[in-house]
Structures are given as C-alpha cells and as structure tokens.
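The structure appears below as structure tokens.
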Amino acid sequence: MKVVALVSGGKDSCYAMMKSIHYGHQIVALANLLPADDDVDELDSYMYQTVGHQIIVSYAECMGLPLHQELGYRTTQGDEVEDMFILLREVKRQIPEVTAVSSGAIASDYQRLRVESVCSRLGLVSLAYLWKQDQSLLLQEMIANGILAVTVKNARIVLDEYQVVRHSSDSIAPVGILHPLKFHLEKKVDIQSLTSPDNISETYVQKLGTVFEVEDTLERCEDTFKSLDCSADPIDDLAHKFNISRTNNKRTLSLSCSLQDSCNGDLREDLKTVLAKTESLLAGFGFGWENVVYIHLYIDEMSKFSEANETYVKFITQQRCPFGVPSRSTVEMPLVEMGFSKAYMEVLASSNKDKKVLHVQSISSWAPSCIGPYSQATLHDNILHMAGQLGLDPPTMNLCSGGASAELELALRNCEAVAKCFRCSISTSAIMFVVYCSKRVSSSERHDMQEKLETILRQMRIFQLQEQNTCKALDPVVLYVLVPDLPKSACVEIKPVLYVDDGTEIATETITESSGSEAPHYWGFKQENWHDSCIQKLVVPGKICAVTLSITSEDAAKICFHSVSADSVNDDQYLQYKSLMEKSSRFCFYLLDKVMADNGFGWEDLMSLRIYIPASLQMSIAMLLPTFNKALLELSEASQKKVLNGEEPIFNIVPVIGAGRSASSMSNIITCELLGQKSWA
C-alpha cells in the first residue's frame, strides 16, 4: 500500500515508518501537526506530543518526500482529531493513491482509536506496527536496527545547537526534553530518493521535499463528512416467513432469525431482510444494536463474504454502537440444503450496556485487525466473547503457510494476544472452544490439528500457572464443527469463550460430578452408564455452565431400543429418520435438563443452545424445528418447569457437514452446545 506517515520528530513515528517499509509498503508522503507556538513542545496533549517537531521540515528533504503540515494546532476540549482529519483529507486529495496511514502508537488507546476513527472516515487503513509491543524489547530492537543513525537516504540531520529542558522533576522518573535550536543537513553520496517518481502521482514528481501548509477548513470538513443514514427499511412480515428463537435468561437475550423463504436466492437481500427483522425484534424488547454483545453470522456462500459485509455495515455501525461494535464469527453453513435462506443470524444482547469492547482496526504485529464493524472481543458479565480467529499473520494479514496445524497454532497465538488485553489467558480461563474446520482438511490433518491444540494449550497452561503462582485453571469444553468453507478459504477458525474472574473465589475443580440423586424419568429414560460418554461439561459453581452433548448413530440405536414409545419398524427411510429424531430430541433435553439440575442450573439460566444437525440426514428445518420444540414442550409439561417462551423455541438449529468432540470423527447425528449463566448471580 502507498502510505502517508504521521511523524512527530520522535523515534516511534520514525521506526513505524521503517516497519511499514519492512512489510512491503511504500511511504509516499509525510504528515505533521504543528503546535500553535513553534517555540513550545506540546506534552500535555494526549493526542499530539511534538518534542523535536522543529526538525520535521528536514524530514522531507532527507527522504525526498512531500511534507504536509497543519498549522496552528490547538488542543480542543473533548476532542483532538479534526485537525488530523483536515490534514489527511488534504493529503488524500493531492495524492489519491494513498491508501494507508502509519503512526507510532504503542500503548495509547486514546491515540490509536482516534487515528482509526479518522482513517475510517477517509477510507484509509491504519498501520500501527508498534502497537502492544513490549517497550523494553522494542527499544532494543530500535537500537539494533540503527534508529540513532536517523535512517534517511538523501541527507543526514545534524544538531548544531540544542537546549535540554527539564519538564518534570519527579524524584523517581524525572523527564527532560531535547529542544533543537539549530541544525543542518549533510548530504550523502547516494542521492537516490526513497520513492521512485514512477510510483507517485505525476503531480508530485516536481514536489519531492516540498512543505505544504494545510489550511484549517473545519466548516468545509463538516460539509464533506455527513453521518450515514442507517435506518432500516420496514419489513413486511406478511411477505416473509421467519424462523425465530430466543432464550429466557434475565441477564441476556439470545435471539436468532432466518428466512423460511429466500429472496430470489439473493444473499444480499436475504441478509438485509434478516438484519431488518432482527433490528425490529430487538426494538420490541427496547434494545438496539448497541445492546448486542456478539453475533454469529452464517452464510451459504463464502465467495460472497464481501457482499455480506457490505450489507452488514448498513445496519451495524460504530455510530449506532457507541459502546463498541459487537464481536462476530462468520462461517459458511449448508443452509439452503436444509431449507434455510442464504443468510442466518444469531445475536446475543443484554439490557446491561456495561461492557468492555476491544476493537483494534490498525494493522499491527499484535493480532489480526478488525477493519470492519466488528470487534476482536467483548467482555460482558465476566464472560469474554471472542471473535472467530483465523491463522492470520498480523502484520501482513495473510494466512500462514503450513496447512491446518500451522493455521491453528497461529490462531491460538492470536487468541492469546487478545486475551492478554483482558488480563487473562486462553489456557487457564477458557470455558469453551468451538473449532470450525473446513471440509477441505483431511481426517488425518484434523487429527494432527487436535493434537496440536491440546499440546499448545497444555504448554501455555504450565507457563501461566508458574507465572501466576497458582493452581487454578479451567478445563474447557472443546467442540469441533465441520463446515463447507471459512473466510479467506482458511482451514480452521477458532472461537473461544472465556470466564474472566472478578476476584471472587471459584473451585479449582471446575467439572462438577453428578450428585447421584434420583432424577425424574421423563419419557421413561433412566440414568445409564453410557450416558456420561455423551456429555462434556464445565461448571463454574453458581456462575457458569457449559455443556456439549453428542449423539452418535450408536447412541441413537440405544435410545430407540430403550424408548418406551418405540414404534414398529417402518420401511420408509424418511419416517425412520423422523422417528429417530423424535426420540433422540427427547433424550437430548432429558440429559441436558439432568446435567443442569445436578449442577444447580435451570432453563431460566440458559444463554444459548445450538443444535447442530448434519445436512447429510436430508432433514429440513421445517421438520426439525417442530420436532425439537414438541420435545421441549413435553419436558415443560412433565417437569412443571418454565422452559418455553410461548411459541418461540429457546434453541437454534444450525445445519453443518458434521460435528463432534473429536476433530477426526465429526459424525454425530445431533450435537448440542449449551451455555448457561446464573440469571441472579
């Protein structure tokens, strides 16, 4: 990309330029904001610290690049970004080829967020290669890379006279600044420019090393930038039929929506209709997109991922989510094969808007950026909902080479980088991992991938426990889901859910065993030894309950054999599958009810319940939805428990190629993924 570098005269912005060049980008211009008083070094602004700004003019001549300066910068109460917007807008006007902005932000969210905001408004990409780097190691790296030599090509800046000014007399960490008074340039033998004129706009060939003063045109700026009209078109419910579900939890609302009838097979129109209906349903509870914590987006064609994003951003924007845009996972599912439309969405929302959102849009060496309107992670009610992570190399945003195992390892490293921002680790705080595997990955590769995941988490856990001098660690539930395709044609995508301890004590042993009490025998089911093999669970006592339930074909045979209401054998395969699904759905709810009850949870604590069904069974949503809903109704009547939400199901049926607790054998007939949180906790 062609880059305009924000420079201040300090080492960080200079080294950020070097990093940009290292990763294959081309610096074509410099940009700088001057303080109002040229004799004063600005240290009080959170946004612009201008120590050494006096030598910025010489940067242009040294590098053979144009320098744009916005004159007369003054700090503005409450906001400090409009001057930058004006400056970068002018750069983009004069050099249309510019597509990215380099900055030296390392640890300041204040700076990073505001650079990203300006970039977003101007359609530019933020490059922040120093972001979240260990500062002591970064300093050593700068020294090793000769940063003191002032890495320029046409000339060398030499300080002839300077003044040391004491800024702070703090006894522990006094601060002084170097104020340049007089300097000159020494020409080098090699007079070639950093940038070839062939690669820059023709109008700039004669202007290398030129300083452009940018006027303060804030009024024109306001006229140019207008907020988007994000209001949704009204949806005609009579023209469409929807599949809708929602949970009962008093703290959170899990809401899913899909079309029963596709809009002429058009993904854009299907997603637009689903988004508009979801927005309407949220409004019915007094919610808006700002209440949404997490979104699962399922589409039928990953090749149309960009089209889906274009539609998505018309509804979910930063302006409409002032507390932070929700985290998101996007995967391709065999929707049409099972009677869904081409888009299907599930949202997790809460009336409590007190959430911590991490949304880093800058490309850096820290973790993959989220340039779109979705965040890396959202912390809400002690649960960290992390966006699906691919095996992307953060500074290049390219998938790593080496296949599924290599992608999984890098995806885990990326997840850990995100978790560290919330002072936790995926190795000790994870409740659940959902690992989406592309169908292109062979069974043997998936087996190796599972071993890699277990090994990396074990190594991470040992390190974390030693570093924290504790023995507390959760043993997460792991679910593997086989899907047609993933973003960027990745082999694997990892979606972690973490419990972030608020300081209250939790049990070291987080998997709570059954109390052994006699459970009700709904539908004639009784506790048998093989039932335990169907369940994988993690319980944080009194707070969190995570369960996966796997029903294989062997399990289904046992269920049908032991079922009291077993029907006579029917030669019709469809009726056989229908009968099998009816009995298996009852068993699923019986066992889930028992697991929750044994650990002190009820259906009112349910946050989400996904039921994965393989498309190979050739059973449509029109048959599956009433089958599972009927089983839940029967459970509610038999147990006298509040399970249902009127006519709306409390579960989501998700079509897949396969699912299971093992990566190499994802052949379950039914897989349930349940997450509960105490509604009164």
Side-chain angles (χ1 to χ4, degrees), residues 245 247 254 431-435 475-482 495 497 510-515 519-523 525-539 544-560 562-563 580-603 605-614 617 619 624-625 627-632 634-636 639 641 643 649-656 658-663 665-677:
S245 70
T247 55
S254 179
I431 300 168
M432 177 182 294
F433 290 98
V434 177
V435 183
D475 188 9
V477 170
V478 182
L479 176 64
Y480 295 90
V481 180
L482 193 61
K495 188 193 68 172
V497 180
T510 58
I511 298 183
T512 306
E513 297 299 330
S514 171
S515 62
H521 299 163
Y522 307 129
W523 299 292
F525 293 122
K526 296 182 180 180
Q527 177 63 31
E528 298 188 34
N529 292 334
W530 65 272
H531 291 182
D532 292 338
S533 65
C534 301
I535 292 291
Q536 187 184 16
K537 67 178 184 288
L538 177 144
V539 177
I544 303 294
C545 180
V547 183
T548 61
L549 188 156
S550 301
I551 304 296
T552 64
S553 56
E554 292 80 9
D555 297 328
K558 296 175 185 175
I559 293 167
C560 292
H562 291 290
S563 176
L580 178 147
M581 196 59 66
E582 288 174 351
K583 295 162 188 174
S584 297
S585 63
R586 291 168 181 161
F587 178 78
C588 288
F589 290 130
Y590 153 75
L591 205 50
L592 289 174
D593 179 76
K594 183 179 186 305
V595 171
M596 287 195 293
D598 285 348
N599 292 281
F601 289 80
W603 291 99
D605 301 316
L606 184 68
M607 285 182 65
S608 61
L609 174 56
R610 296 181 194 91
I611 301 175
Y612 300 97
I613 305 292
L617 293 182
M619 305 184 79
L624 291 167
L625 198 58
T627 298
F628 279 87
N629 212 30
K630 180 183 176 184
L632 205 54
E634 292 172 356
L635 174 66
S636 180
S639 65
K641 297 179 180 178
V643 176
I650 62 172
F651 56 85
N652 311 324
I653 292 180
V654 182
V656 295
R661 65 174 61 186
S662 169
S665 179
M666 292 183 272
S667 56
N668 290 353
I669 291 176
I670 302 173
T671 307
C672 300
E673 175 200 338
L674 180 149
L675 181 61
Q677 182 178 28

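The basis for the numbers below is simple: all heavy atoms, side chains too, and nothing from hydrogens, waters or symmetry mates.
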**Message:** Test of understanding: with ring pair (Phe, Tyr, Trp, His ring centres under 6.0 Å), list the residues that count as partners of Phe587, not counting sequence neighbours.
**Reply:** Phe525, Trp530, His531
**Complete:** Sorted by chain and number, sequence neighbours left out, side-chain hydrogen bond (donor to acceptor under 3.5 Å, both in side chains) with Thr548 holds for Gln536
**Asked** What's the spacing between Ser254 OG and Phe651 CZ if we round to 0.5 Å?
**Response** 12.5 Å
**Message:** With side-chain contact (heavy atoms from CB on, under 4.5 Å) as the test, pick out the partner of Tyr612 among Ile669, Asn652, Leu479.
**Reply:** Leu479
**Asked** Going from CD1 on Ile653 to OG on Ser585, what distance comes out if it is rounded to the nearest 0.5 angstrom?
**Response** 9.5 Å
**Asked** Is there side-chain contact between Lys537 and Val595, with heavy atoms separated by less than 4.5 Å?
**Response** yes
**Fill in**
CG of Asn629 to CZ of Phe589, rounded to nearest 0.5 Å, is 8.0 Å
**Request:** Taking the side chain as every heavy atom from C-beta outward, state whether Met432 and Leu538 have any atom pair closer than 4.5 Å.
**Result:** no
**Prompt:** Would one find more than 12 heavy atoms of other residues, nucleotides or ligands at under 6.0 Å from atom NZ of Lys641?
**Reply:** yes
**Message:** Set out, in order, the CA-CA distance, both residues' side-chain angles and the distance that settles side-chain contact (heavy atoms from CB on, under 4.5 Å) for Asn668 and Ile551, then state yes or no.
**Reply:** CA-CA 5 Å; Asn668 290 353; Ile551 304 296; 5.9 Å; no
**Request:** Check the pair Cys672, Leu609 against side-chain contact (heavy atoms from CB on, under 4.5 Å), reporting the backbone distance first and the verdict last.
**Result:** CA-CA 7 Å; Cys672 300; Leu609 174 56; 4.3 Å; yes
**Asked** Do the non-hydrogen side-chain atoms of Leu606 and Phe601 ever get within less than 4.5 Å of each other?
**Response** no
**Request:** Apply side-chain contact (heavy atoms from CB on, under 4.5 Å) to Val547 and Leu592, showing your working.
**Result:** CA-CA 8 Å; Val547 183; Leu592 289 174; 4.0 Å; yes
